[in-house]
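If you're wondering where the values come from, they're calculated on a predicted model, not measured in any experiment. Chain A is the first sequence line, chain B the second, and so forth, proteins listed ahead of strands; every chain is numbered from 1.
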Amino acid sequence: MDISVINPILLVAALMGAATPILLAATGELVVERAGVLNLGVEGMMIIGAICGFAVAVETGSPLTGFVAAAIGGAALSLVFAFLTQVTLANQVASGLALTLFGLGLSALLGQSYVGVKPPKFDDLDLGALGEIPVLGPILFSHDIVLYFALALVAAVWLVLRFTRFGLLLRAVGENHDAAHALGYKVVRLRVLAIMFGGACAGVGGAYISLVRVPQWTEGMTAGVGWIALALVVFASWKPWRVLLGAYLFGGITQLQLNLQGAGVAIPVEYLAMSPYLITILVLVILSADKSAAPASLGRSFHASN
Amino acid sequence: MKLTTFMTGAAVALGLATSGIAADKTKVGFVYVGPVGDGGWTYEHNEGRLAVEEAFGDKVETVFVENVAEGPDSERVMTQMALNGADLIFTTSFGYMDPTINVAAKFPNVKFEHATGYKTADNVSVYSARFYEGRAIQGHIAGKMTKSNIVGYIGSFPIPEVIRGINSAFIHARKVNPDVQFKIVWAYTWFDPAKEADAAKVLIEQGADVVLQHTDSTAPQAAAQKAGNVITFGQASDMAQYGPLPRVSSIIDNWAPYYIERTKAVMDGTWTTSNRWDGISAGMVGIGEISSAVPADVKAEALALRDAIANGSYHPFTGPLKKQDGSDWLAAGEVADDGTLAGMSFYVEGIEGDIPQ
């Protein structure tokens, strides 16, 4: 065993990359759930984003265009869910699960001609002298723009939810849609917007896997990340900064356990393999001891006639 | 994922129910652990299925279910296939072993073929390929080409098939390079591109300049390509799109002849339980084109090794060999028997680390 082969700077830099898809998807889902909608289709929207982003990036040669396409693809798929649950008042749990299955199948179909294709290279942002700073440089200033975007998104979501009128409205709709409706706010319209936002975030998260993390297209390549993002939102008590903490913990321990295995540490591999899930859940459960409750209208259908 | 497979299973059931039962057609089912588009393991099994269709045309009907989780879920998929009139079912992953035995007991008239396992019954055969023969050639090239003397190995699950591959690669890497070390990371998955890519990146960060994989996707190839100066080998499928670098060669599984032969046996009523384990000589294991990135002399040695294994003059597990704990395993000139190889649960001398229990 030789722990010294693990480079802590590379480890931290790697964990930020590993956490980004989860972070993006979870942030989007957080907004959806704060608006009172439970969308279990995160995995489906992510994989659709992964293939849309991949295909467009390959066709246009521009990864950034790919990310935009991924956002559009994810949002478009989420509109199916929005139609089912907000217009026809279908059950949200069933509709969300159907969305995941549909997304997995549709993405496999769309991706048939993209198996084995190499995407254009997505370069890290060149921050000049900042990247030269010892230790901090490689950790903070050596990433691609989407990673910074994900961080900015968490801050923006927190700001909007906490300090703006729009955020208050969104929360009102999530806590008590009847009251919000009685006050004259458009419950369904707000929820559809939130669902589309969630879809776009999940799409970008999926594209981050197919364009940056792996980078290639294979069927089913999101491999359950969407479900982890969903669970993370609950364990993070619907709070943006806790989602960030949870995502980084999960990404970090995933990376660390692979590093420890490579270094030959004498901890049984099974414990290492389960540690990301265990530790993330444990930390967030302890944090949620402040009795943060779920949005009161979460998962309930709304119709003006009720 | 479980729900996905449930739904695919249900969809297949519906499809079969509506297609009616064509009496004279032989129906062959395939259970896959990953998607047919994985570019590796499942892709090659599906090529085998297509070859069966090609060979028998109208006389055969094939069905498959992909992304079937190992364990109880697969039992349901197999049961469904058997209920829908499959005559022969190929279950193509190690983790389907007990489910296959359980389902086979309930359907004595349906023939089952389980890949890479070791449990047989009156209507259950097992088949596998001697992948370790290909691993020997990979080990040779890896030992010759590594500059850092660190070879990374992405394991899937600590089962005999995978351990055999690690040992075979290690023995032949050490033979040509006494300083070589193996770093082994267990991914605990057959197919998860993001995790496989992570494992490859970690191994590369820790100094490996050769990455061997025993997982099914091409993600480690992509990760190696991005890192540069790292060589890899295609796993299960040629993965030629990643040549000439990082992919310098590959092990290609060729199941088509076996699948055709066994389907024919069911048609003729001559099917009996068997335990097939073929290698390079029978064509079940193919060695992919050795790319231009490999020096000519190393390539010639690798090809000579392949030919020696193919004509039977050399066995990759030939003594003197010791186990990891230093105890004797094979005396000089002694060759490992198939029983030991099939149940292999120990590392050979020189590999560091423990096999997860």
Side-chain angles (χ1 to χ4, degrees), chain A residues 1-2 5-7 10-11 13-14 17-18 21 43-44 97-98 100-102 104-105 108 111-112 114-119 121 208-210 212-225 227 251 254-266 268-274, chain B residues 1 3-4 6-8 11 34-40 42-43 66-67 150 152 154-155 158 181 183-189 191-208 216-223 225-226 237 239-242 352-357:
Chain A
M1 144 164 56
D2 181 13
V5 297
I6 302 176
N7 182 334
L10 284 180
L11 177 69
E43 179 84 6
L97 291 174
T100 289
L101 298 173
F102 176 61
L104 286 168
Q112 273 177 349
Y114 290 98
V115 173
V117 176
K118 277 175 226 145
K121 200 166 176 295
Y208 195 82
I209 299 178
S210 66
V212 183
R213 297 279 301 137
V214 175
Q216 57 169 227
W217 165 253
T218 15
E219 274 177 46
M221 68 181 308
T222 47
V225 170
W227 297 109
T254 309
Q255 292 292 321
L256 182 65
Q257 68 99 355
L258 288 171
N259 268 289
L260 288 174
Q261 277 199 46
V265 171
V269 180
E270 294 86 346
Y271 293 111
L272 289 175
M274 70 169 110
Chain B
M1 213 36 122
L3 205 96
T4 329
F6 172 76
M7 296 305 280
T8 26
V36 294
D38 69 351
T42 298
Y43 175 80
E66 49 187 346
N67 285 321
I150 298 174
I154 306 170
Q181 294 287 342
K183 271 187 194 296
I184 300 157
V185 164
W186 297 98
Y188 278 90
T189 179
F191 177 80
D192 182 343
K195 195 177 258 178
E196 293 170 46
D198 276 345
K201 280 179 204 159
V202 163
L203 289 167
I204 293 165
E205 277 169 16
Q206 296 196 2
D216 299 350
S217 90
T218 50
Q221 315 277 330
Q225 190 163 47
K226 201 173 171 194
S237 199
M239 303 188 179
Q241 67 270 31
Y242 287 95
E352 285 173 14
D354 298 316
I355 299 172
Q357 295 304 319

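Residues B/Gln206 and A/Gln261 form no side-chain contact, since every pair of their non-hydrogen atoms from C-beta on lies 4.5 Å or further apart.
From A/Glu219, atom CD reaches atom OH of B/Tyr43 across 12.5 Å, with rounding to the nearest 0.5 Å.
Comparing A/Gln257, A/Gln255, A/Arg213, A/Met221 by how many heavy-atom pairs each has under 4.5 Å with chain B, the most go to A/Arg213. Between chain A and the options B/Ala240, B/Gly34, B/Pro35, B/Ala197, the largest number of non-hydrogen pairs under 4.5 Å is found for B/Pro35. Interface remark: of the candidates A/Thr254, A/Leu10, A/Val225, A/Leu10 forms the most heavy-atom pairs closer than 4.5 Å to chain B. Looking only at heavy-atom pairs under 4.5 Å with chain A, the residue among B/Ile150, B/Val36, B/Asp192 that has the most is B/Asp192.
Within the 4.5 angstrom heavy-atom criterion, no atom of A/Lys121 approaches chain B. Interface residue A/Gln216: only side-chain heavy atoms are found under 4.5 Å from chain B. For B/Gln225, the part lying under 4.5 angstrom from a heavy atom of chain A is the side chain only.
Across all non-hydrogen atoms, the minimal contact from B/Ala199 to A/Leu258 is N-CD1, 3.8 Å. Scanning all heavy atoms of the two residues, the minimum distance from B/Ala219 to A/Val214 falls at CB-CG1, 3.6 Å.
A distance-only check finds a donor-acceptor pair linking the side chain of A/Lys118 to the backbone of B/Gln241 [under 3.5 Å].
Summarising the local packing, CZ of A/Phe102 is surrounded by 12 or fewer heavy atoms from other residues, nucleotides or ligands at distances under 6.0 Å.
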